[in-house]
Amino acid sequence: MSPSTRKPLVYIISAPSGSGKSTLVTKLLKLVDDLDFSISYTTRAPRGREQNGKQYYFVAHDEFEQMIRADEFLEHADVFGNYYGTARRFLREAEEKGHDLLLDIDVQGAKQIKQRLPDAVSIFVLPPDRKTLERRLRERGEDAEDVIQRRLVTASREIENYDKYDYILVNDRLEESIESLQAIVSSERLRSASRPLSDEEKRIMDLAGRCRLSSIRERVLPIVASFALPHSTSSEKASRSSPPCSRLPAKLASLLQRWWALCLRWTSLRRTP
Ligand code: ADP
Ligand code: 5GP
């Protein structure tokens with residue numbers, strides 16, 4: 001099918017901060033042709049070397065609200081107290097060029113896009129476990145300790161939404177993760193190809209299939225559980241016990257994990273000044 005005769009495929013990618021999403025997206029965009037990145041609008045201030053129009057369009061609160069009233073957003077959400085939004089024009093422009101579109105948005109935005117564009121392909125990036133996420137956040141060296149702790153608490157909440165996504169990418173070894181992400185993008189393109197697939201294309205389909213929620217659920221449960229365990233001081237750790245999720249049926253384990261995460265969040269929030 002010629003690119004100009006089809007609707008753009010929309011890929012949504014979400015992840016807790018520090019999972020490696022930006023690293024993966026940057027590499028993916030270099031490897032895959034005809035894939036545009038949707039530059040979001042935000043009311044938060046630029047950080048470090050961020051430039052207007054590159055990572056984000058940085059706009060004032062009033063301007064963002066004016067854009068909401070003018071129905072310029074495909075989705076928008078309040079994330080950490082700031083507005084973030086995906087402009088409709090990126091989808092229009094991708095369609096005109098015959099390109100696909102990649103959205104780096106949070107779980108609230110992903111939900112809105114899925115409601116509006118049910119064919120959008122959603123990918124949730126997970127770290128191998130909580131300890132690794134904490135180490136990556138520290139080694140990135142961008143955040144103060146209190147910010148790292150807040151990101152970890154937020155991560156526990158965001159991770160609860162993993163099962164609303166089509167694909168789960170556990171970002172353990174970077175090169176393998178990039179290969180899998182590229183396979184997901186390619187396999188979704190191949191699905192619409194009405195011709196027999198080559199052996200290489202079948203391998204790509206298989207690789208992507210391994211990241212399908214239904215295939216990877218078992219691997220994900222211990223990761224989710226690692227975020228539900230207590231991670232405070234060692235004396236606090238010793239005084240608590242983790243929920244025996246691994247021995248329970250999946251549904252009950254999931255409920256127990258949610259309850260446990262809520263308890264921990266409540267405890268952490270009480271500790272945060
Ligand atoms: P995010 O965009 O999700 O906040 P980043 O892409 O900034 O995360 O990655 C967080 C840190 O982890 C960075 O220092 C990055 O170099 C590192 N990182 C990303 N993926 C991996 C990986 N698979 N293995 C080891 N380190 C990684
Ligand atoms: P940061 O400020 O750290 O760049 O991003 C914070 C969060 O906002 C991340 O989870 C990121 O995916 C999300 N985000 C970025 N752009 C958008 C957007 O346009 N819409 C929504 N809903 N979330 C966004």
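Quick caveat: nothing in here was measured; it's all calculated off a predicted structure. Indexing begins at 1, ligand by ligand and atom by atom, following the structure's order.
- Inclusion of Val79 in the set of residues having an N or O under 3.5 Å from an N or O of ligand 2 is not warranted.
- The shortest contact between atom 20 (N) of ligand 1 and any protein heavy atom is with Asn171 ND2, 3.0 Å.
- A distance of 6.0 Å or more separates the ring centres of Tyr41 and Tyr83.
- Heavy-atom separations between Gln112 and ligand 2 are all 4.0 Å or longer.
- Listed by atom number, the atoms of ligand 1 under 4.0 Å from Thr23 heavy atoms are 5 (P), 6 (O), 9 (O), 15 (C), 19 (C).
- The shell of residues lying under 4.0 angstrom from ligand 2, judged by heavy atoms, includes Gly85.
- Near Gly109, meaning under 4.0 Å from one of its heavy atoms, ligand 2 places the atoms 22 (N).
- Looking only at heavy atoms of the protein, atom 4 (O) of ligand 2 is closest to Tyr56 OH, 2.5 Å.
- The proximity of Gln55 to ligand 2, defined as any non-hydrogen pair under 4.0 Å, does not occur for either the backbone or the side chain.
- Of all the heavy atoms in Ser177 and Leu169, the pair that sits closest is O-CD2, 3.8 Å.
- Leu133 is listed as a side-chain neighbour of Ser19, based on a closest heavy-atom distance under 4.5 Å.
- The backbone N or O of Pro127 sits nowhere less than 3.5 Å from a side-chain atom of Asn171 that would complete a donor-acceptor pair.
- Atom 3 (O) of ligand 2 has its closest protein heavy atom at Arg47 NH2, 3.1 Å.
- Considering each of Arg138, Arg140, Glu139, the one bringing a non-hydrogen atom nearest atom 13 (C) of ligand 1 is Arg140.
- Looking at Ser40, its side chain never comes within 3.5 Å of a backbone N or O of Tyr56 through a donor-acceptor pair.
- Judged by distance alone, with hydrogens and angles left aside, the side-chain atoms of Asp143 form no donor-acceptor pair with the main-chain N or O of Ile148 at under 3.5 Å.
- Not a single heavy atom of His76 sits under 4.0 Å from any atom of ligand 2.
- For atom 22 (C) of ligand 1, the closest non-hydrogen atom of the protein is Arg136 NH2, 3.3 Å.
- Listed by number with element, the atoms of ligand 1 under 4.0 angstrom from any heavy atom of Asp172 are 22 (C), 23 (N), 24 (N).
- Heavy-atom contacts from other residues, nucleotides or ligands closer than 6.0 Å to CZ of Arg44 number more than 12.
- By the 3.5 Å distance cut-off applied to N or O atoms, Tyr84 is counted among the residues near ligand 2.
- Taking 4.0 Å as the cut-off, Gly18 counts as a neighbour of ligand 1 on heavy-atom distance.
- Among all heavy-atom pairs drawn from Asp172 and Arg136, the shortest one is O-NH2, 3.4 Å.
- The residues Arg203 and Asp199 are annotated as not salt-bridged, no charged nitrogen and carboxylate oxygen being separated by less than 4.0 angstrom.
- Some N or O of Glu75 is nearer than 3.5 Å to an N or O of ligand 2, by distance alone.
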**Steps toward salt bridge (charged side-chain N to carboxylate O under 4.0 Å, His left out) verdict (Glu63, Arg69)** = CA-CA 10 Å; Glu63 193 182 337; Arg69 283 193 294 274; over 6 Å; no
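- Annotation: Arg44 places an N or O atom under 3.5 Å from an N or O atom of ligand 2; distance criterion only.
- Contact between Ser19 and ligand 1 is present, with at least one heavy atom of the residue lying under 4.0 Å from the ligand.
- In plain terms, the two heavy atoms of Arg88 and Asp71 that are nearest each other are NE-O, 2.9 Å.
- Residue-to-ligand polar distances keep Tyr41 apart from ligand 2: every N/O pair is separated by 3.5 Å or more.
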Margin query: For Glu93 and Lys97: C-alpha separation, side-chain torsions, deciding distance, then whether salt bridge (charged side-chain N to carboxylate O under 4.0 Å, His left out) applies.
Written below: CA-CA 6 Å; Glu93 286 168 11; Lys97 288 186 271 179; 5.5 Å; no
Check your understanding: For Phe90 and Phe37, what are the C-alpha separation, side-chain angles and deciding distance, and is it a ring pair (Phe, Tyr, Trp, His ring centres under 6.0 Å)?
Key -> CA-CA 8 Å; Phe90 278 95; Phe37 181 69; 8.4 Å; no
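- The contact set between ligand 1 and Ser22, taken as ligand atoms under 4.0 Å from a residue heavy atom, comprises 1 (P), 2 (O), 6 (O).
- In this structure, atom 19 (O) of ligand 2 lies nearest to the protein heavy atom Ser40 OG, 2.7 Å.
- For ligand 1, the polar-atom distance check finds an N/O of Gly20 within less than 3.5 Å of one of the ligand's N/O atoms.
- Listed for the Ser215 side chain is a donor-acceptor partner under 3.5 Å among the backbone atoms of Gly209.
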Legend entry - salt bridge (charged side-chain N to carboxylate O under 4.0 Å, His left out) evaluation trace for Glu134 with Lys131: CA-CA 5 Å; Glu134 187 167 355; Lys131 236 168 137 181; over 6 Å; no
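- Applying the 4.0 Å criterion to heavy atoms of Ala77 picks out, from ligand 2, the atoms 22 (N).
- The shortest N/O to N/O separation between Arg151 and ligand 2 does not fall below 3.5 Å.
- Contact atoms of ligand 2 toward Lys21: 9 (C), 10 (O), 11 (C), 12 (O) (distance under 4.0 Å to a heavy atom of the residue).
- Annotation for ligand 2: atoms under 4.0 Å from non-hydrogen atoms of Thr86 are 19 (O).
- Protein heavy atom nearest atom 23 (N) of ligand 2, with residue, atom name and distance: Asp106 N, 3.1 Å.
- Close approach of ligand 1 to Ser17 is summarised as follows: ligand atoms under 4.0 Å from at least one heavy atom of the residue are 4 (O).
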_Test salt bridge (charged side-chain N to carboxylate O under 4.0 Å, His left out) applied to Lys111 and Glu75, step by step_ = CA-CA 9 Å; Lys111 192 172 167 198; Glu75 65 75 35; over 6 Å; no
